[in-house]
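Convention: sequence-line order gives letters A, B, ...; per-chain numbering from 1.
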Number of protein chains: 2
Amino acid sequence: MAQLDTKNRILNGAEQLFAREGFRNTSLRALTRLAEVNLAAVNYHFGSKDALLQAVIERRLLPLNEIRAKKIETVIEQARQRGTAPGADDLLRAFIEPTLEFRNSSPGADDFILLIGRSLSEPDATVRNCFLKLVLPAVHLLFAGLREALPQLSSAVLLTRLQFIIGTMSHVMSMGTLSPLNDPTFPQPLEQQALIDQLMKYALAGLEAPE
Amino acid sequence: MAQLDTKNRILNGAEQLFAREGFRNTSLRALTRLAEVNLAAVNYHFGSKDALLQAVIERRLLPLNEIRAKKIETVIEQARQRGTAPGADDLLRAFIEPTLEFRNSSPGADDFILLIGRSLSEPDATVRNCFLKLVLPAVHLLFAGLREALPQLSSAVLLTRLQFIIGTMSHVMSMGTLSPLNDPTFPQPLEQQALIDQLMKYALAGLEAPE
DNA sequence: ACCCATTTCAAACAAGTGTTTAAATACGCC
DNA sequence: GGCGTATTTAAACACTTGTTTGAAATGGGT
């Protein structure tokens, strides 16, 4: 199983470096040195640096998407059985909570969350799209649920607010629990669960504000 | 005045390419070709590529910071004269509105807004800090005002929510008016002023949510 | 023990990077 | 007009980039 070992060592190293230093700023030489594999191993096992990025993203994002989709569908399903509209708070939680809790799910997952938190504002369209095309279906599902939950909002306004929420999330994801304004005069940042609770309150209030 | 011409042509070209392609992904050769100046002109006039980035950011961010600081101080000052606490909505608007309206203030300013919208999640610490150190004072000022406006919120929660707002803003800035989820089944994005209004409502509701 | 496909390895490839150099040109001022 | 500083220029610098190559090593199956 030397093959899988090498492949995974590359994936783990790439996840760390792509997230912390950026995709273009990570050289294959730095990566293969960290992963303790030969320089040519990346092209042998993945074909190219671009294909490696896709593998890094898919490895974790596909499972995460399944979790989110299942949770959202459950919320919608249960509402349908009750004969009521799904709750905006339940829908939002089904999308936000698994995403942020994913950080603590396994070693390296925190780097992955950092990576996709940064992907949305990535200038390189190749990198951005690689992540976008995987995440779009989940957003579609959430949007459809929210349309039912908040029928008083126009479609355009709802979409705009959903984008605000995605922006807030990606900021939280790319920041970890620490403050970008790390200044001694500022208070200490919140713990993980308190942060999720605050994010839920903030996003829900913004979403439900009168139009 | 050939010197200023060259300097400004470099600054304009750099602003456009740094914003759209990213700082590290922009080569001096591509930049000098676009600006129609000699390759060595960048190092002659600015010293290095890093110093050029700083010049690009400072050229617009220093004036923008003055506008924002003045507006925030005016809000606080007027409240002080009334003997009341400043309004959270006035403070927020004093920070958000000039920032987003800056996009239409002059040619190239839209690229600049894109650039600093992306800076916050920039993996390269050099780039990130170059922008952060200039923006921090304005955030400090806003935070101090909001402390007075919303005394019922604990300091840690207020800071967290201010970060959410900054995340939302930087997302809007890095997206322009167009949707990252540009899909024909999604509704058309909002116009500039409607977007600002929605952002204000969203951020204010999230900020004032019960703790 | 042998074979054969899989994997590893050091070396080299062509192309692109930011920066420096020294000569050529331009331009304001006496 | 001509001196002297400021600017522009083409060329070269040393270095890094992703990728390819062909030989060496590995390891499971019969």
Side-chain angles (χ1 to χ4, degrees), chain A residues 1-59 115 119 122-130, chain B residues 1-59 115 119 122-130:
Chain A
M1 278 303 130
Q3 175 195 355
L4 276 185
D5 239 18
T6 299
K7 260 184 134 167
N8 280 328
R9 278 217 302 281
I10 293 175
L11 285 171
N12 293 337
E15 180 170 64
Q16 179 181 129
L17 290 182
F18 289 173
R20 300 185 192 178
E21 321 284 344
F23 176 66
R24 296 283 172 194
N25 304 338
T26 297
S27 75
L28 291 185
R29 281 162 181 85
L31 165 56
T32 52
R33 206 179 310 127
L34 173 69
E36 295 181 291
V37 301
N38 186 272
L39 168 62
V42 169
N43 286 277
Y44 176 77
H45 285 287
F46 296 93
S48 70
K49 192 189 173 188
D50 282 30
L52 170 61
L53 173 68
Q54 182 152 332
V56 166
I57 293 184
E58 283 183 354
R59 175 171 69 147
L115 176 62
S119 305
E122 173 67 45
D124 191 314
T126 307
V127 180
R128 205 173 52 237
N129 290 334
C130 172
Chain B
M1 275 306 131
Q3 174 195 354
L4 276 184
D5 239 20
T6 300
K7 261 184 133 167
N8 279 327
R9 279 217 303 281
I10 293 175
L11 284 171
N12 293 338
E15 181 172 63
Q16 178 181 132
L17 291 181
F18 289 172
R20 299 184 192 178
E21 320 285 343
F23 176 66
R24 296 284 171 191
N25 304 338
T26 297
S27 74
L28 291 185
R29 280 164 182 83
L31 165 57
T32 52
R33 206 179 311 125
L34 173 69
E36 297 181 291
V37 301
N38 187 270
L39 170 62
V42 170
N43 286 276
Y44 176 77
H45 285 287
F46 297 93
S48 70
K49 193 187 174 189
D50 282 31
L52 170 60
L53 172 68
Q54 181 152 331
V56 167
I57 293 185
E58 283 183 353
R59 175 172 67 147
L115 176 62
S119 306
E122 172 67 47
D124 191 313
T126 306
V127 180
R128 206 173 52 238
N129 290 333
C130 173

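For A:Ser48, there are no side chain to side chain donor-acceptor pair (under 3.5 Å) partners two or more places apart in sequence or in a different chain. Taking B:Asn12 as the reference, B:Arg59 meet the side chain to side chain donor-acceptor pair (under 3.5 Å) condition, with sequence neighbours excluded.
If you measure from atom CG of B:Asp5 to atom C1' of D:dT8, you get 14 Å, rounded to the nearest angstrom. B:Arg33 has its CZ atom 11 Å from the P atom of C:dG18, to the nearest Å. In this structure, A:Asn43 atom CG and D:dT20 atom C1' are separated by 8 Å, rounded to whole Å. Distance, B:Leu31 CG to C:dG18 P: 9 Å, rounded to whole Å. Rounded to whole Å, atom P of C:dA22 lies 16 Å from atom OH of B:Tyr44. Atom NZ of A:Lys49 is separated from atom P of C:dG16 by 16 Å (rounded to the nearest Å). Taking atom CZ of A:Arg9 as the reference point, atom P of C:dT8 lies 8 Å away to the nearest angstrom. The CG-C1' distance, from B:Leu28 to D:dT8, rounds to 16 Å in whole Å.
Once rounded to the nearest 0.5 Å, the distance linking CG of A:Leu11 with NE2 of A:His45 reads 10.5 Å.
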Quick one: side chains of residues 26-35 of chain B, donor-acceptor pairs under 3.5 Å with protein atoms, not counting sequence neighbours, listed by atom name and distance.
from	atom 1	to	atom 2	distance (Å)
B:Thr26	OG1	B:Leu17	O	3.3
B:Thr26	OG1	B:Gly22	O	2.7
B:Ser27	OG	B:Ala30	N	3.0
B:Thr32	OG1	B:Leu28	O	2.8
B:Thr32	OG1	B:Arg29	O	3.2

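Base pairing in DNA chain D yields stems of at least 3 consecutive Watson-Crick or G-U pairs, both distances under 3.5 Å, namely C:3-28 with D:3-28.
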Checking B:Val127 against B:Phe18 for the side chain to side chain contact (heavy atoms under 4.5 Å, CB included) test, could you report, in this order, the C-alpha distance in whole Å, the side-chain angles of both residues, the deciding distance, and whether it holds? CA-CA 11 Å; B:Val127 180; B:Phe18 289 172; over 6 Å; no

Could you walk me through whether B:Leu52 and B:Asn43 pass side chain to side chain contact (heavy atoms under 4.5 Å, CB included), step by step? CA-CA 9 Å; B:Leu52 170 60; B:Asn43 286 276; over 6 Å; no

Which atom pairs link the protein and nucleotides 9-12 of chain C when you take only N or O atoms and keep those under 3.5 Å?
none

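Annotation: side chain of B:Leu115 is not in contact with side chain of B:Phe23 (no heavy-atom distance under 4.5 Å). In this structure, A:Tyr44 and A:Asn38 have side chains that are not in contact, with every pair of non-hydrogen atoms separated by 4.5 Å or more. Using a 4.5 Å heavy-atom cutoff, the side chains of B:Arg9 and B:Asp5 are in contact.
Among C:dT8, D:dT19, D:dA6, the nucleotide with an atom closest to any side-chain atom of A:Ser48 is D:dT19.
Here the side chain of B:Lys7 pairs no donor or acceptor atom with the backbone of B:Phe46 at under 3.5 angstrom.
Taking a 4.0 Å limit (strictly below) on heavy-atom distances, residues 18-27 of chain A reaches DNA chain D at A:Thr26, A:Ser27.
In terms of heavy-atom proximity, A:Arg128 sits nearest to A:Ser119 at CG-O, 3.3 Å.
Taking side-chain N and O atoms only, B:His45 has no distance below 4.0 Å to OP1 or OP2 of D:dA6. Within the structure, a side-chain polar atom (N or O) of A:Thr6 is placed less than 4.0 Å from OP1 or OP2 of C:dT8.
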